[in-house]
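Chain A is the first sequence line, chain B the second, and so forth, proteins listed ahead of strands; every chain is numbered from 1.
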Protein chains: 2
Amino acid sequence: MLMLQSPLTRKLSAYVALSAADLEPLARLHRRRRSFQPGHELIHEGQANASAFILSDGWACSYKLLPDGERQIVDFQIPGDFLGLRSILFRTSDHSIEAVTRIEATEVLAPDILEAFAEAPRLATAVLWAASRDEAMVVEHLVNLGRRSAEERMAHFLLELGARLALVGSGDRTGFDCPLTQYHLADALGLSAVHVNRVLRHLREEGLVTFRNGRVAFDDFDRLKAVAGFDSGYLDQDGPLLR
Amino acid sequence: MLMLQSPLTRKLSAYVALSAADLEPLARLHRRRRSFQPGHELIHEGQANASAFILSDGWACSYKLLPDGERQIVDFQIPGDFLGLRSILFRTSDHSIEAVTRIEATEVLAPDILEAFAEAPRLATAVLWAASRDEAMVVEHLVNLGRRSAEERMAHFLLELGARLALVGSGDRTGFDCPLTQYHLADALGLSAVHVNRVLRHLREEGLVTFRNGRVAFDDFDRLKAVAGFDSGYLDQDGPLLR
DNA sequence: GGTCGCGACTGATCGAGAGCAGTGCGAGGT
DNA sequence: ACCTCGCACTGCTCTCGATCAGTCGCGACC
């Protein structure tokens, strides 16, 4: 069965063993393939009954805006990720999601997802279990913002992004292709764009990592990990816990 | 049925309609009532197969430690909260949890929970759905750390805590009882204890909020909300989405 | 070919919050 | 009665990162 090979079902089966019957409602979902330009806002904060999307190509980011216009990027999404789950779980969305690059995604309507969840509770359990893993990443990000210096934050952030991309086969310990601007980094790391630039320069001069022309190159992976205090344990996994 | 009235089942039924059959495995869980002294570490980062706890009285906090010994508190737990879910979902815990006050909690063993989840997938769905709401709080906290000044952070944090406590009936717009030390606030807000003290003094002098003798008093609730840019929308709820 | 706009990059200055080094005070222990 | 320990609180200095005010290079568009 083809479905079993998709990145999404592989992700879902990581923690919860899913039978064909559990996956069947997923296959029957009304889906609509769509593509969006960079900067397009797929979901905005406060929106009611927003659709969700399964990202098949390109990068997106979820963020929140503050009254004064500043924004905090909470997370980036890469191919295989599920966008906007929380906006389905809670009638209105507590965050916005926008396309970073041009993206290809499959739109799934909120009522359809809820119906599938009602029909196959094990599927719902699997989706939410996977969401908990994303929460672990958000928690890491929070620690990053609360307790690390600008340089440690940057190092940690780039390593984590690299580790996530390595899981889906687009990155290794030499580096990865990265479409983000320095403004994206600033909004994610709670820094000014100016300071992001200086930090990147310093990391480059130290021979740790080079961010240039859409590519992050780990010049000294091990020393970078030491600077960042990086430990990727929570990205490990080894077979479903719920059978 | 008594179970239906407990804070936990009320929380679980907020988003997913649960039948007696869904709740039955919960009732059959092997439980053990325990109490712990302030400062006791219930779960530590990296621990494998940790138990979970349902907090019935007192406050706890979840946190992560950095190599240099600093810590970042991710979240506080109040009566009715579930402790250590992520340590059950992923064999090993990515965070520590310790008692802030003396606490009363019911211990639930990991295999028992997984068994209950396997028997009643709708129960699992409900638990994880509730966990997603906690994630929304973590995201708010992240925005707090990334983009707000020390004063805004403090104001926002105290208001949010107040709103959560008001939901369980122990707090209103005049304030709430709060067993935290200024060190707890510092570790939660990514500030030094020294600066927490100054910020609290300033907020008091401005007539906004007074933190003293285990009590947070909102002296000017509306102005405080304005300072904090506070909006508690994501704490709202109105009937299960999954029936 | 000019210009418009975005993103990378830089220098100078300023300020929020850290770090250090204390004091004061109340609760518990002996 | 004294000591200790934890927490609240304060003044001083210094640093990290923000803010301001730019330049430069490049691709898109007329």
Using a 4.0 Å heavy-atom cut-off, does A/Thr181 contact any base of the nucleic acid, only the sugar-phosphate backbone, or nothing at all? sugar-phosphate
Looking for any heavy atom pair under 4.0 Å, which part of the strands does B/Leu200 touch: base, sugar-phosphate only, or nothing? nothing
What integer distance in Å separates A/Arg198:CZ from D/dG22:P? 16 Å
Among the candidates C/dG11, D/dG17, C/dG17, find the nucleotide nearest to the side-chain atoms of B/Ser149. C/dG17
Choosing from C/dA18, D/dA18, D/dA8, which nucleotide comes nearest the side chain of B/Tyr183? D/dA8
May I ask you to evaluate whether B/Arg212 reaches the phosphate of D/dC9, defined as a side-chain N or O under 4.0 Å from OP1 or OP2? yes
Considering only C/dG11, C/dG19, C/dA18, which nucleotide approaches the side chain of B/Val194 most closely? C/dG19
Without decimals, in angstroms, what is the distance between A/Asn197 CG and D/dT23 C1'? 13 Å
Test item: side-chain donor near acceptor, B/Arg102 and B/Ser35, under 3.5 Å: yes
Which part of the nucleic acid does B/Gly190 contact within heavy-atom distance under 4.0 Å: base, sugar-phosphate only, or nothing? sugar-phosphate
Just by distance, with hydrogens left out, do A/Glu151 and A/His202 show a side-chain donor and acceptor under 3.5 Å apart? yes
Protein-nucleotide distance (A/Arg215, atom CZ; C/dG7, atom C1'), rounded to Å: 21 Å
Roughly how many Å is it from CG in A/Leu180 to C1' in C/dA8, rounded to a whole number? 15 Å
Yes or no on ring pair (Phe, Tyr, Trp, His ring centres under 6.0 Å) for B/Phe230 and B/Phe221, after CA distance, side-chain angles and deciding distance? CA-CA 11 Å; B/Phe230 183 70; B/Phe221 193 70; 8.0 Å; no
Could you state the atom-to-atom distance from CD of A/Glu151 to P of D/dG17 in whole Å? 8 Å
Would you please confirm or rule out a distance under 4.0 Å between OP1 or OP2 of D/dT10 and any side-chain N or O of B/Arg201? yes
Could you check whether A/His156 and A/Glu140, counting side-chain N and O atoms only, form a donor-acceptor pair closer than 3.5 Å? yes
With heavy atoms under 4.0 Å as the rule, sort A/Gly39 into base, sugar-phosphate or nothing. nothing
Considering only heavy side-chain atoms of B/Gln182, the closest of D/dA18, C/dG17, D/dA8 is D/dA8
Do B/Ser56 and B/Arg33 meet the criterion of a side-chain donor-acceptor pair at a distance under 3.5 Å? yes
Answer with base, sugar-phosphate or nothing: what part of the nucleic acid does A/Val199 contact at a heavy-atom distance below 4.0 Å? nothing
Rounded to whole angstrom units, what separation is found between the NE2 atom of B/His195 and the P atom of C/dA18? 6 Å
A/Phe211 atom CZ is separated from C/dG7 atom P, nearest whole Å, by 12 Å
Suppose we call a contact any N or O donor and acceptor under 3.5 Å apart; does that hold for the side chain of A/Arg153 and the base of D/dG17? no
Grab the CZ-P distance between B/Arg147 and C/dA16 for me, whole Å please. 17 Å
